[in-house]
Amino acid sequence: MAKMNFGGVIENVVTREEFPLEKAREILKNETIAVLGYGVQGPGQSQNLRDNGFNVIVGQRPGKTYDKAIADGWVPGETLFGVEEAAKRGSIIMCLLSDAAVMAVWPTIKPYLTTGKTLYFSHGFAITWNDRTGCVPPTDIDVIMVAPKGSGTSLRTMFLEGRGLNSSYAIYQDTSGKAYDKTIALGIGIGSGYLFETTFQREATSDLTGERGSLMGAIQGLLLAQYEVLRENGHTPSEAFNETVEELTQSLMPLFAAKGMDWMYANCSTTAQRGALDWMGPFHDAIKPVMQKLYASVKCGHEAQISIDSNSKPDYREKLEEELRQLRESEMWQTAVTVRKLRPENN
């Protein structure tokens with residue numbers, strides 16, 4: 001474990017250089033890794049582990065997702081089973097089901113969380129709010145987490161490109177005395193770039209805040225507000241979208257992802273510099289109270305309860321699909337369809 005300076009704050013991180021893949025294989029050589037769920041994180045993590053030489057099986061109920069697992073090379077009865085059977089066979093049970101699914105199958109898989117096994121998550125939701133989810137693990141197993149900081153698709157794509165997606169890691173319960181080694185070995189095995197230390201509670205609260213904030217909720221709200229103002233003042237859909245979304249995602253984001261927003265400020269026109277410096281303050285002052293309210297709602301468990309209550313309703317899926325349809329068919333994102341088709345790589 002290395003000490004790294006992040007803006008003046010020292011944190012614990014683990015890199016591939018200090019914890020190579022060969023070491024990870026040695027630590028997990030006698031383990032059967034059962035990946036439960038083949039939806040969002042399951043495909044990337046399971047395939048990366050398989051390609052890295054670990055003993056992996058998948059647990060997934062029959063349906064389209066099960067068929068996808070078969071298409072990805074998992075063999076029914078050999079490396080692909082139902083959720084219960086995979087949990088029974090696994091010594092390390094990677095619970096990569098959705099939060100709602102974890103709660104639904106917990107009574108089914110809990111009998112297989114027997115002494116000496118390891119329970120792995122990629123999200124702290126079920127454990128952090130287990131007074132609400134009911135997911136209270138036995139005290140005689142290790143409970144650990146590796147949480148890639150991106151989608152399962154990105155994890156797999158970057159792995160195939162020879163890169164790594166950074167991940168956080170946490171240990172909730174260490175009964176074997178070997179939980180740390182297993183955690184980092186799994187983190188390296190799934191293709192993490194580097195791993196940084198957290199807790200289940202910190203991961204869950206930061207994750208829910210991020211999803212509702214700058215990663216999805218806030219960014220959609222910001223983009224839509226600017227798009228609407230431009231449209232209301234006579235700008236065409238194409239112009240409004242290009243100035244709001246296309247330039248951001250196609251030109252600027254790759255640059256400040258590589259070099260930082262400070263570099264962006266130093267390398268744009270003086271007109272852009274002056275305006276950005278003048279307006280970042282008002283935007284910060286307007287947005288921070290909303291972020292504080294959001295964080296408080298996440299930390300106290302209110303956001304978790306909203307998700308639990310919503311997911312438990314019989315018509316949840318239908319209502320969700322309707323909300324997603326409205327977003328998909330909005331003028332801004334229908335304009336996006338046309339703009340994407342006009343990109344040079346598509347012509």
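Worth saying up front: this structure is predicted, and the values here are computed from it rather than measured.
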N/O donor-acceptor pair under 3.5 Å between [X] side chain and [Y] backbone:
X: Glu203; Y: Gly124; result: yes
X: Asn166; Y: Tyr194; result: yes
X: Asn130; Y: Ala126; result: no
X: Thr183; Y: Ala179; result: yes
X: Asn52; Y: Gly189; result: yes
X: Asp315; Y: Glu318; result: no
X: Lys117; Y: Gly90; result: yes
X: Ser310; Y: Ile306; result: no
X: Gln47; Y: Pro43; result: yes
X: Arg231; Y: His235; result: yes

Within 6.0 Å of [atom1] in [X], more than 12 heavy atoms from elsewhere:
X: Lys110; atom1: NZ; value: yes
X: Tyr316; atom1: OH; value: yes
X: Lys68; atom1: NZ; value: yes
X: Arg61; atom1: CZ; value: no

Are a donor atom and an acceptor atom from the side chains of [X] and [Y] found within less than 3.5 Å of each other?
X: Asp140; Y: Thr175; value: no
X: Gln41; Y: Ser122; value: no
X: Ser167; Y: Ser192; value: yes
X: Glu84; Y: Thr108; value: no
X: Asp72; Y: Tyr38; value: yes
X: Tyr120; Y: Gln45; value: yes
X: Thr244; Y: Gln226; value: yes

Requested in this report: Please test Ile57 against Leu80 for side chain to side chain contact (heavy atoms under 4.5 Å, CB included), starting from the C-alpha separation and ending with a verdict.
Outcome: CA-CA 6 Å; Ile57 61 175; Leu80 178 60; over 6 Å; no

Taking all non-hydrogen atoms of both residues, which atom of [X] and which atom of [Y] are closest, and how far apart?
X: Arg132; Y: Gln305; result: NH1-OE1, 2.9 Å
X: Ala87; Y: Ile93; result: O-CD1, 3.5 Å
X: Thr198; Y: Ala170; result: O-CB, 3.5 Å
X: Thr249; Y: Pro254; result: O-CD, 3.4 Å
X: Gly42; Y: Leu96; result: CA-CD1, 3.8 Å
X: Tyr66; Y: Pro76; result: OH-CB, 3.5 Å

Distance check, rounded to the nearest 0.5 Å: [X] atom [atom1] versus [Y] atom [atom2]?
X: Glu11; Y: Glu197; atom1: CD; atom2: CD; answer: 9.0 Å
X: Thr157; Y: Leu165; atom1: OG1; atom2: CG; answer: 10.0 Å
X: Cys95; Y: His123; atom1: SG; atom2: NE2; answer: 11.5 Å
X: Thr15; Y: Glu17; atom1: OG1; atom2: CD; answer: 4.5 Å
X: Leu294; Y: Glu211; atom1: CG; atom2: CD; answer: 10.5 Å
X: Ser176; Y: Ile144; atom1: OG; atom2: CD1; answer: 9.0 Å

Can you find a pair of side-chain heavy atoms, one from [X] and one from [Y], that are under 4.5 Å apart?
X: Leu36; Y: Met94; answer: no
X: Tyr265; Y: Leu277; answer: yes
X: Ser206; Y: Arg202; answer: no
X: Glu247; Y: Glu243; answer: yes
X: Leu208; Y: Tyr295; answer: no
X: Glu26; Y: Lys23; answer: no
X: Asp142; Y: Tyr180; answer: no
X: Val105; Y: Leu97; answer: yes

Query - Same cluster (ILVMFWY, side-chain, under 4.5 Å), Ile127 and Tyr112 - result: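 No, Ile127 and Tyr112 fall in different hydrophobic clusters.
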
Query raised in the report: Among the clusters formed by ILVMFWY side chains lying less than 4.5 Å apart, do Leu215 and Val40 turn up in the same one?
Result: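 Different clusters.
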
Could [X] and [Y] be called an ion pair, given the rule that one side-chain N must be under 4.0 Å from one carboxylate O?
X: Asp207; Y: Arg212; result: no
X: Glu85; Y: Arg89; result: yes
X: Arg340; Y: Glu246; result: no

Query - Residue pairs fulfilling side-chain hydrogen bond (donor to acceptor under 3.5 Å, both in side chains) with at least one residue in residues 266-292, sequence neighbours excluded - result: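 Qualifying pairs: Arg274-Asp278.
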
Requested in this report: Please report the C-alpha distance between Phe54 and Leu21 in whole Å, then the side-chain angles of each, then the deciding distance to 0.1 Å, and finally whether the side chain to side chain contact (heavy atoms under 4.5 Å, CB included) criterion is met.
Outcome: CA-CA 10 Å; Phe54 296 89; Leu21 183 59; 3.9 Å; yes

**Report entry** salt bridge (charged side-chain N to carboxylate O under 4.0 Å, His left out) evaluation trace for Asp309 with Lys313
**Finding:** CA-CA 7 Å; Asp309 292 344; Lys313 293 179 179 178; over 6 Å; no

Requested in this report: Dump the intermediate steps for side chain to side chain contact (heavy atoms under 4.5 Å, CB included) on Thr338 and Leu342, then the final yes or no.
Outcome: CA-CA 6 Å; Thr338 302; Leu342 293 171; 4.2 Å; yes

Query raised in the report: Are Lys299 and Thr205 close enough, and set up right, to give a side chain to side chain donor-acceptor pair (under 3.5 Å), and what steps lead you there?
Result: CA-CA 6 Å; Lys299 189 174 183 179; Thr205 51; over 6 Å; no

Requested in this report: Before giving the answer on side chain to side chain donor-acceptor pair (under 3.5 Å), spell out for Trp129 and Glu303 the whole-Å C-alpha distance, their side-chain angles and the decisive distance to 0.1 Å.
Outcome: CA-CA 11 Å; Trp129 294 293; Glu303 293 298 311; over 6 Å; no

Report task. With salt bridge (charged side-chain N to carboxylate O under 4.0 Å, His left out) as the test, would you mind laying out the steps for Glu322 and Lys319 before giving the verdict? Result -> CA-CA 5 Å; Glu322 174 57 22; Lys319 288 185 175 180; over 6 Å; no

Query - Test side chain to side chain contact (heavy atoms under 4.5 Å, CB included) applied to Thr79 - qualifying residues, sequence neighbours left out - result: Trp74, Val75

